[in-house]
Amino acid sequence: MPAKKVSSKKAPARARPKAPARPVEPPPSDAPDPSAPRKPQAKKTVVILSRKRSLYSTRRLVEAVKQHGHRPLVLDTLRCTMVLAPGQPRMLYRGVDIKGVDVVIPRIGASITGYGLAVVKHFEMMGIAVLNGAGAISQSRDKLRALQLLCAAGLDVPRTVMAHDRSNVHKLVEEVGGLPVIIKLLRGTQGVGVMIAHSLQEVQTIVNTFWDLGQEVVLQEFVAESKGRDVRALVVGNKVVGAMQRRAKKGEFRSNIHRGGEGHPVELPAAYVEVAVKAAHLLGLELAGVDMLEGREGPRLMELNSSPGFEGLERATKQDIAGAIVGHALTLARTHAAAGDPLQAV
């Protein structure tokens, strides 16, 4: 029997069953489509109210707005004209209607407080977001009113008195802890209108002079343990973006940088941060320079500045303070636009 030929061909391998395909989950409805072209961010117009474009803080804010990719517009507060008529309130600048503004950063100097507040309020009436409203600026400028609000909330402030009784200055000095005593103009800034008196005769002479000039003053406790030092914390929104300890120059008790004081960066303890942020919120300020004395039992609030200069702070801390301010202003503008806030009441 002839042998059978053995085939050299291999039997075909059995095909492995394919794994069931995994269902593809659709992307979440709010996820951006990666294939869709990106829409360019619409430029916002940020108005900076300032008497001089050349001032350090104004220049830095302009730079920061540009770095964020938006359009800065510096307006001299005193050249703004407010128009009230039935319908929409308007703002003119050198005779031209101001339109398309998204947010305003006020830099209102103490010498133009009255007109400046009116301009800020007018922008609010036009439905424009404002970093520090007129009411908040007004409260911070009145030293006694600010201290009343802070004290009512349980925050520690130096003992302070205000009176018009010239016959009992001795009693007023006793109420603030005795001599020496600090005498302050009710409205002042950068250390202007702040004096120290070491005798009753000095106190009487200073307060009589101011009263005769129609100026309101307060007498305040001299916090000896501060030794010519204070702390400036810059609050933006809900946080402190920079802080420094200021030291008065020799022979000077005021530590303001404008009075020759020196600033050194500091890392604030939590208690100081908490007090600074709470104080700013109590006065309704989104941006505030908060000045505190270093008391034996913790921070003692002196005053809040609604248009704080930050040249010394940026140089001391090497931080982009202007960028933080502009960033918060832009966030405020977006929130304001999303809420569709109506015209503000006067």
Side-chain angles (χ1 to χ4, degrees), residues 41-50 55-75 77 100-108 116-117 119-121 123-124 126-141 231-244 265 268 272-292 304-341 344:
Q41 185 182 13
K43 284 192 174 183
K44 295 187 181 298
T45 298
V46 180
V47 162
I48 301 162
L49 287 176
S50 174
L55 294 172
Y56 177 89
S57 296
T58 303
R59 286 190 287 108
R60 286 288 295 118
L61 289 172
V62 168
E63 291 172 5
V65 173
K66 290 178 179 178
Q67 287 170 358
H68 277 79
H70 297 283
R71 184 186 304 108
L73 180 60
V74 179
L75 301 182
T77 312
V101 175
D102 294 284
V103 64
V104 176
I105 302 177
R107 305 288 303 172
I108 307 299
L117 289 177
V119 170
V120 172
K121 187 61 188 178
F123 275 116
E124 291 181 276
M126 292 167 65
I128 297 170
V130 175
L131 188 70
N132 287 348
I137 297 172
S138 178
Q139 287 185 149
S140 68
R141 286 285 160 87
V231 172
R232 160 59 68 91
L234 197 104
V235 175
V236 177
N238 292 315
K239 62 182 181 179
V240 172
V241 298
M244 64 180 173
L268 285 184
Y272 281 74
V273 173
E274 182 181 349
V275 165
V277 173
K278 184 176 181 180
H281 286 181
L282 282 169
L283 297 189
L285 295 170
E286 292 288 334
L287 164 66
V290 183
D291 296 338
M292 298 172 280
L304 280 75
N305 191 329
S306 59
S307 297
F310 49 87
E311 179 177 3
L313 190 60
E314 281 199 331
R315 289 179 177 171
T317 64
K318 310 302 181 187
Q319 295 184 47
D320 183 11
I321 302 298
I325 294 171
V326 169
H328 186 65
L330 292 168
T331 299
L332 199 67
R334 286 191 291 269
T335 304
H336 191 84
D341 289 350
Q344 300 289 316

Can you check whether [X] reaches [Y] side chain to side chain, under 4.5 Å on heavy atoms?
| X | Y | value |
| --- | --- | --- |
| H328 | V241 | no |
| F123 | L49 | yes |
| F310 | T317 | no |
| P265 | Q319 | no |
| K44 | H68 | no |
| H70 | D102 | no |
| I108 | T77 | yes |

Out of curiosity, [X] [atom1] to [Y] [atom2], how far, rounded to the nearest 0.5 Å?
| X | Y | atom1 | atom2 | answer |
| --- | --- | --- | --- | --- |
| R59 | I48 | CZ | CD1 | 12.0 Å |
| K66 | R71 | NZ | CZ | 12.0 Å |
| L61 | R107 | CG | CZ | 6.0 Å |
| L313 | L234 | CG | CG | 6.0 Å |

Between [X] and [Y], which heavy-atom pair has the shortest distance, and what is it?
| X | Y | value |
| --- | --- | --- |
| N305 | S307 | OD1-N, 2.9 Å |
| V101 | V104 | CG1-CG2, 4.0 Å |
| V236 | A324 | CG1-O, 3.8 Å |
| P308 | G289 | CG-N, 3.6 Å |
| L304 | A288 | CD2-CB, 4.4 Å |
| M244 | A316 | SD-CB, 4.2 Å |

Item to complete: Go through the structure and list residues passing side-chain hydrogen bond (donor to acceptor under 3.5 Å, both in side chains) with T58, not counting sequence neighbours.
Response: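 Checked T58 against side-chain hydrogen bond (donor to acceptor under 3.5 Å, both in side chains); matches are S50.
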Practice prompt. Run through V62, V47, V46 and flag the one making a side chain to side chain contact (heavy atoms under 4.5 Å, CB included) with P72.
Written response: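 Of V62, V47, V46, side chain to side chain contact (heavy atoms under 4.5 Å, CB included) with P72 is met by V62 alone.
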Quick one: side chains of residues 273-282, donor-acceptor pairs under 3.5 Å with protein atoms, not counting sequence neighbours, listed by atom name and distance.
unit_1	atom_1	unit_2	atom_2	d
H281	NE2	G237	O	3.1
H281	NE2	N238	OD1	3.1

Discussion item. Strictly by salt bridge (Lys or Arg N to Asp or Glu O under 4.0 Å), give each pair with a member in residues 310-330 just once, sequence neighbours left out.
Written reply: R60-E314, R60-D320, E311-R315
Identify each donor-acceptor pair in which a side-chain atom of residues 131-138 lies under 3.5 Å from a protein atom, sequence neighbours left out, and give them as a table.
unit_1	atom_1	unit_2	atom_2	d
N132	OD1	E286	N	2.8
N132	OD1	L287	N	3.1
N132	ND2	L287	O	2.8
N132	ND2	S306	O	3.0

